[in-house]
K.L.:
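Structure in structure tokens, see below.
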2 protein chains.
Amino acid sequence: MVAARAGVSTATVSLVTNGKTAGRVSAENIAKVQEAVAELGYVVDGLGSSLAKGRSNIVILVAPDVSNPFFANVIAGVREAIGEAYQLLLSVTDAGLTPSPADVRNLLSLRPAGLLVDAPSAQFLAELPSAGPMVLMDAAGVASDAPSVNFDVAQGAGMLADHLASLGHRTVAYIDSVTGTETFRVRREAFYRGARVHGISVAADVATTIDMGASALAFAQAWPGWAAQGVTAVVCCTDTHAYGVLQEARVARLGVPQQLAVTGFDDLPFSQTSNPGLTTVHLPANELGRAAGQQLLRLLAGETIPVPGLMLESTLVVRGSTVTAS
Amino acid sequence: MVAARAGVSTATVSLVTNGKTAGRVSAENIAKVQEAVAELGYVVDGLGSSLAKGRSNIVILVAPDVSNPFFANVIAGVREAIGEAYQLLLSVTDAGLTPSPADVRNLLSLRPAGLLVDAPSAQFLAELPSAGPMVLMDAAGVASDAPSVNFDVAQGAGMLADHLASLGHRTVAYIDSVTGTETFRVRREAFYRGARVHGISVAADVATTIDMGASALAFAQAWPGWAAQGVTAVVCCTDTHAYGVLQEARVARLGVPQQLAVTGFDDLPFSQTSNPGLTTVHLPANELGRAAGQQLLRLLAGETIPVPGLMLESTLVVRGSTVTAS
DNA sequence: CTGAAAGCGCTTACAG
DNA sequence: CTGAAAGCGCTTACAG
């Protein structure tokens, strides 16, 4: 340890750099060490430190799909919350798949300070080796005793059903995601429930990956059948799916919203500028990341979380894809 | 080391788990160790391993702005390339700012196997402590002898100028980014060059953060002046900026493209469904990540990179924001 | 208040 | 082919 050249022992240096000087190091030595650290540009080696402490200062964020733009805001929120003290490690897999238990084992061998798990499937959680501090994000409907931050998607889905009913829609189709993620199950079930209340029938139900192209294709194939059944609105489980439908509707010269109403979930920034603007259930991505990061920080500080299941409000944003612009 | 219970020494186990058995461990012992590893579910501790080896298996991706959806595709590309062998650590700062030297020091203390630096400023690179294997991404115009993967933005910017000239535009405005990132300088200069060739004058030049709202506001304030100068097209340095202009144009009841043409750079997925579709310079984000990841992998394998400055083609995608849809 | 020593879990010359 | 030993850079009881 180079900074021992300040004329003190490595132990003293370690105490100072860790801020554990309270009544253990003389003011004089603290100053000496700080000076030496500054001069040498010394920075504590993360590896050695972590090994000695038994855990690293890395927070791992496990997520099914970073390439979803929605997720970028979640990441930003997490970063805001955890700040400088921890490094954010992103564990991502392709196309909405959850990491395998083997992946997680490898991750865990880095001895993360904590885990943030976004949109986990029930199976993933069941297979997860008990892993120290952990906060779940967007895990509505998943049984777990880990603290979690969720969207109240049911609320938004209900408002969406109300909205469509008030516009007179009687028969709609639903485009779901193929991932086994619980949040999509909750979105679907909550919407079905709301639809039933209003006597709206859901004629059909297809699922694709979270990808505009896949969704557009699925819609193109299904539309003739749906039209025959009298479908007047397509409810998509994400905005990305909805963009695909909008695109295909334009190709097919279908008037939106006159001939077909389209809705999404997420409220990505682009839903404001899409053609037409997309009516969607707004989910506060940034707040999700921020709240989960804060929860984890508390957990790491040894606090117990007062409200284990934090709920973030969802709201319906009405735009041109369901109502004609004024 | 628990698996030593296979009846051999820790050294032998280490040899086996690292695949360095060639002519050094008997087949019998290899089998014994593998069996024990499987039974105990043992996985090499990343911390201890890294400390002994002197470097970790973490690849750090330093980027100015993850919340740019463009970047999600870059990340996906990097992941595809580096695969299972390395963990991807994301170092991000807010709103297009580059990490400080102190941030980087902290990162480096994790002893990353390699560094991937996206869209660095010249200053950032100058301050970067010499840091082992490193690949630059989207660093056009930055002097460095590190291998790099860049977009040929000049090509696309030239095509954009050609396109606007062919449509008869004589006076345009340019919306730039406030970040000191070199790529934006290159985009701007290449477009200015192309404009000059065609006798197009760039009447004005404003800069905002990469944010729809900021861009919309800047446009709203500047438009009266620009209109007075005869501006008929706004060229934006990112699609995100362009979305802001599109939104504000709609608010102001400006017909796009009749009264005002709008263009971007990036070709985000949403540029297909925006209102109208956005004419933009397509930059292959996924390929950027993939190519950079592959370069780094070679570097880590001790190979020398044959082509230090890999160039990825950019192309112009023409949509409804510059030409009336057929 | 301070320093010598043990130990975190692994890897790698080294001697056999 | 194999194992005992040193060492990676730090932290933390422990004895003074």
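Atom set for the values below is all heavy atoms of this structure, side chains included, hydrogens, waters and symmetry mates excluded. Naming: A, B, ... by sequence-line order, numbering from 1 per chain.
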K.L.:
Return no unless some side-chain N or O of Lys20(B) is found under 4.0 Å from OP1 or OP2 of dT12(C).
P.N.:
yes
K.L.:
Rounded to whole Å, how long is the line connecting atom NZ of Lys53(A) with atom P of dC10(D)?
P.N.:
11 Å
K.L.:
Of all residues at least two apart in sequence or in a different chain, which pass the side-chain hydrogen bond (donor to acceptor under 3.5 Å, both in side chains) check with Thr183(A)?
P.N.:
Asp138(A), Arg187(A)
K.L.:
Round to the nearest Å and state the distance from Arg111(A) atom CZ to dC8(C) atom P.
P.N.:
10 Å
K.L.:
For Ala27(B) and for Leu51(A), locate the closest nucleotide of DNA chain D by heavy-atom distance; then report the residue assigned to the nucleotide nearer the 5' terminus.
P.N.:
Ala27(B)
K.L.:
Do the charged groups of Arg290(B) and Glu287(B) touch, with an N to O distance under 4.0 Å?
P.N.:
yes
K.L.:
For Asp211(B), enumerate each residue passing the side-chain hydrogen bond (donor to acceptor under 3.5 Å, both in side chains) test, keeping only those at least two apart in sequence or located in another chain.
P.N.:
none
K.L.:
Just N and O in the side chain of Tyr42(A): are any of them under 4.0 Å from OP1 or OP2 of dC10(D)?
P.N.:
yes
K.L.:
Map Gly48(B) and Arg24(B) onto DNA chain C by nearest heavy atom, then report which one ends up closer to the 5' terminus.
P.N.:
Gly48(B)
K.L.:
Check side-chain hydrogen bond (donor to acceptor under 3.5 Å, both in side chains) between Gln123(B) and all other residues, then give those that pass, not counting sequence neighbours.
P.N.:
Glu127(B)
K.L.:
Between dT2(C), dG9(D), dC10(C), spot the one nearest the side chain of Val44(B), thanks.
P.N.:
dC10(C)
K.L.:
Taking the nucleotide of DNA chain D with the closest heavy atom to each, which residue, Glu28(B) or Val43(A), is nearer the 5' end?
P.N.:
Glu28(B)
K.L.:
Applying a 4.0 Å non-hydrogen cut-off, can you work out what Arg55(A) is touching in the nucleic acid: base, sugar-phosphate, or nothing?
P.N.:
nothing
K.L.:
Quick one, Val44(B) and Tyr42(B) - any side-chain contact, counting heavy atoms below 4.5 Å?
P.N.:
yes
K.L.:
How is the base pairing of DNA chain C summarised as a dot-bracket string, given the Watson-Crick and G-U wobble criteria with both distances under 3.5 Å, [ ] for crossing and | for another strand?
P.N.:
|||.||||||||.|||
K.L.:
Whole angstroms only, please: what is the CG-P distance between Leu110(B) and dG9(D)?
P.N.:
15 Å
K.L.:
With a 4.5 Å cut-off on side-chain heavy atoms, are Thr238(B) and Asp266(B) touching?
P.N.:
yes
K.L.:
Ignoring backbone atoms, establish whether Ser49(B) has a side-chain N or O less than 4.0 Å from OP1 or OP2 of dC10(C).
P.N.:
no
K.L.:
With sequence neighbours excluded, tell me which residues meet side-chain hydrogen bond (donor to acceptor under 3.5 Å, both in side chains) with Ser50(B).
P.N.:
none
K.L.:
All N/O contacts under 3.5 Å from nucleotides 3-7 of chain C to the protein, with atom names and distances to one decimal?
P.N.:
unit_1: dG3(C); atom_1: OP2; unit_2: Ser9(A); atom_2: N; d: 3.2
unit_1: dG3(C); atom_1: OP2; unit_2: Thr12(A); atom_2: OG1; d: 3.2

K.L.:
Any side-chain heavy atom of Pro133(A) sitting closer than 4.5 Å to one from Leu296(A)?
P.N.:
yes
K.L.:
Any Lys/Arg nitrogen of Arg185(A) or Glu182(A) sitting under 4.0 Å from an Asp/Glu carboxylate oxygen of the other?
P.N.:
yes
K.L.:
For a quick check of understanding: with a heavy-atom distance under 4.0 Å over all strands, which category does Leu47(B) fall into, base, sugar-phosphate or nothing?
P.N.:
nothing
K.L.:
Rounded to the Å, how far apart are Asp45(A) CG and dG9(D) P?
P.N.:
7 Å
